Amino acid sequence: MAEHLGRFARFAAIDWSGAKGVRHPGIAVAVCDPGDAAPTLVEPPHGAWSRQQVLHWLRDQRDTPLLAGFDFSFAPPLVERGAYLPGEDTPHTARAFWAYVDARCADADLGAASFLESRRGTHFYLGAADGPKARFMHFRRCEARYNAQGGGKPSTVYDAIGAAQVAKASFAGMRLLHHLGHDIAVWPFDRVPDRGALVVEIYTAIAARAAGMRKGLSKLRDGTSLDAALAVIGSQPHRPLARYTDHATDVILSAAWLRANADRADLWHPSALSREITQSEGWTFGVV
């Protein structure tokens with residue numbers, strides 16, 4: 001069914017962070033309305049976002065027809081090995097696992113670094129002392145499908161080392177999703193509501209590919225390049241920024257991409273999205 005297509009009147013992309021502390025320059029939020037005006041950045045309180053402030057900002061949008069995309073993995077893989085953390089007595093559904101993670105984290109500002117560090121070498125790779133990295137490389141079904149379609153090898157939530165790692169941000173994000181509760185629906189774990197906001201998982205590299213950027217060159221670091229990418233997606237030029245960072249340009253481009261693709265029925269109903277995957281691993285919006 002496609003009854004929800006066309007109902008969103010605002011679009012947001014959020015670049016997330018799993019860094020320790022309570023102020024995170026790596027978090028950026030961009031929003032746009034229907035039409036072709038370029039997305040604009042939402043100014044963070046006190047110069048930099050905290051994760052809690054993003055949670056509060058999102059809750060304030062609950063009654064808005066907002067489609068909000070977060071760039072982190074909403075759950076670990078389960079189908080491949082039958083458990084999120086084999087050998088540990090974890091739940092088998094995403095919402096229950098978010099609660100499990102949150103209950104075991106005392107980190108500030110919804111952080112989750114301690115969750116990973118206490119399980120290093122067992123479930124998470126944090127360096128050479130943890131053994132061969134290859135044994136931590138497990139993926140969700142949507143990541144495997146994206147790779148099979150030529151999207152490139154994705155990161156795994158079990159790899160917590162290096163610039164490309166998504167583990168810390170993803171587990172911090174799971175804490176945010178737990179605290180969000182049922183205030184706002186989260187796709188595909190929840191049905192798409194008739195009104196109000198909805199949260200989806202996005203991958204900024206998908207927006208970059210759609211804008212014509214080739215693999216390995218998905219970061220925009222100047223206004224001219226950003227405007228060229230926005231034009232391909234059907235957006236007008238952006239308002240010049242005081243400073244160009246990967247985080248800012250990623251969310252501006254991704255919000256424009258989300259607006260341009262929100263009414264694609266195939267993205268809401270990927271053929272490989274089974275009932276089991278819907279409740280356990282979730283899916284990245286944009287992978288068909």
Side-chain angles (χ1 to χ4, degrees), residues 14-20 24 26-27 51 69-105 107 110-127 130-147 151-180 186-189 199-206 273 276-287:
I14 301 104
D15 199 12
W16 193 238
S17 174
K20 295 181 180 180
H24 310 289
I27 294 179
R51 286 181 286 261
F70 276 94
D71 185 23
F72 64 80
S73 297
F74 284 9
L78 183 135
V79 175
E80 180 182 336
R81 297 187 294 165
Y84 294 123
L85 304 173
E88 190 168 333
D89 188 17
T90 57
H92 283 72
T93 60
R95 280 196 174 275
F97 186 71
W98 300 341
Y100 182 89
V101 173
D102 186 69
R104 288 157 179 79
C105 290
D107 308 55
L110 301 177
S114 66
F115 188 89
L116 280 61
E117 290 164 356
S118 66
R119 292 162 176 81
R120 69 169 299 172
T122 304
H123 298 298
F124 299 100
Y125 180 83
L126 278 80
D130 299 330
K133 189 173 182 177
R135 72 182 182 87
F136 297 89
M137 304 303 284
H138 306 289
F139 300 99
R140 298 179 299 167
R141 295 303 86 200
C142 66
E143 293 156 352
R145 188 167 181 84
Y146 181 69
N147 184 28
K153 190 173 182 179
S155 300
T156 171
V157 296
Y158 301 119
D159 179 9
I161 195 73
Q165 66 88 17
V166 298
K168 296 171 186 175
S170 294
F171 279 84
M174 292 174 212
R175 293 194 68 193
L176 174 135
L177 295 174
H178 172 67
H179 283 261
L180 188 63
V186 180
W187 181 87
F189 310 101
V199 168
V200 297
E201 175 186 328
I202 60 171
Y203 183 29
T204 57
I206 292 177
L273 181 56
E276 178 189 13
I277 295 171
T278 294
Q279 293 303 309
S280 62
E281 297 188 352
W283 201 263
T284 304
F285 186 79
V287 177

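Computed from a predicted structure; not experimentally measured. Note that these values count all heavy atoms, side chains included, but never hydrogens, waters or copies made by symmetry.
- Remark: the backbone N or O of Ala169 is paired with a side-chain donor or acceptor of Trp16 at under 3.5 angstrom.
- Here the CZ-OG distance, from Arg104 to Ser114, works out to 11.5 Å after rounding to the nearest 0.5 Å.
- Pro77 places a side-chain heavy atom less than 4.5 Å from the side chain of Val157.
- Remark: aromatic rings of Tyr158 and Phe136 are distant, center separation not under 6.0 Å.
- How far CG of Asp71 is from OG of Ser17: 11.5 Å, rounded to the nearest 0.5 Å.
- Relative to the ring axis of Phe97, Arg95 does not place its NZ or CZ within 45° and under 6.0 Å from the centre.
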Exercise. Where do Phe70 and Phe285 land on the ring-ring contact (aromatic ring centres under 6.0 Å, His included) test, with the steps shown first?
Worked result: CA-CA 10 Å; Phe70 276 94; Phe285 186 79; over 10 Å; no
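- A donor-acceptor pair shorter than 3.5 Å can be found between the side chains of Thr284 and Glu201.
- Atom OH of Tyr100 is separated from atom OG1 of Thr93 by 13.0 Å, given to the nearest 0.5 angstrom.
- Taking the salt bridge (Lys or Arg N to Asp or Glu O under 4.0 Å) definition, one finds that Glu276 meets it with nothing, sequence neighbours left out.
- A distance below 6.0 Å separates the ring centres of Tyr146 and Tyr203.
- Looking at every heavy atom in both residues, Ser280 comes nearest to Ala75 through O-CB, 3.4 Å.
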Exercise. Leu273 and Thr278: side chain to side chain contact (heavy atoms under 4.5 Å, CB included), yes or no, with the steps?
Worked result: CA-CA 6 Å; Leu273 181 56; Thr278 294; 3.5 Å; yes
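- Glu281 contributes no side-chain N or O that, together with a main-chain N or O of Arg140, makes up a donor-acceptor pair within less than 3.5 Å.
- The residues Lys133 and Asp159 are annotated as salt-bridged, a charged nitrogen and a carboxylate oxygen being separated by less than 4.0 angstrom.
- Looking at heavy atoms from C-beta onward, Met174 lies in side-chain contact with Pro76 at the 4.5 angstrom threshold.
- Side-chain atoms of Arg175 come within 3.5 Å of backbone N or O of Asp107 as a donor-acceptor pair.
- In this structure, CZ on Phe74 lies 7.0 Å from CZ on Phe189, to the nearest 0.5 angstrom.
- Side-chain atoms of Glu88 and Arg119, non-hydrogen and from C-beta on, do get closer than 4.5 Å to each other.
- Judged by distance alone, the side chain of Gln165 and the main-chain N or O of Ala167 form a donor-acceptor pair under 3.5 Å.
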For this session: Please test Trp283 against Ile277 for side chain to side chain contact (heavy atoms under 4.5 Å, CB included), starting from the C-alpha separation and ending with a verdict.
Result: CA-CA 8 Å; Trp283 201 263; Ile277 295 171; 3.9 Å; yes
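- Minimum heavy-atom separation, Ala19 to His24: O-CE1, 3.2 Å.
- The nearest pair of heavy atoms linking Ala172 to Gly111 is CB-CA, 4.3 Å.
- Residue Leu126 comes nearest to Leu116 through the heavy atom pair CD1-O, 4.2 Å, listed as atom of the first residue, atom of the second, then distance.
- Side-chain atoms of Trp98 never come within 3.5 Å of backbone atoms of Asp102 as a donor-acceptor pair (strictly under, hydrogens ignored).
- Residue His123 holds its NE2 atom at 14.0 Å from OH of Tyr84, rounded to the nearest 0.5 Å.
- With values rounded to the nearest 0.5 angstrom, Arg120 atom CZ is found 4.0 Å from Asp130 atom CG.
- You'll find the side chain of Phe72 stays beyond 4.5 Å of the side chain of Ile202, heavy atoms only.
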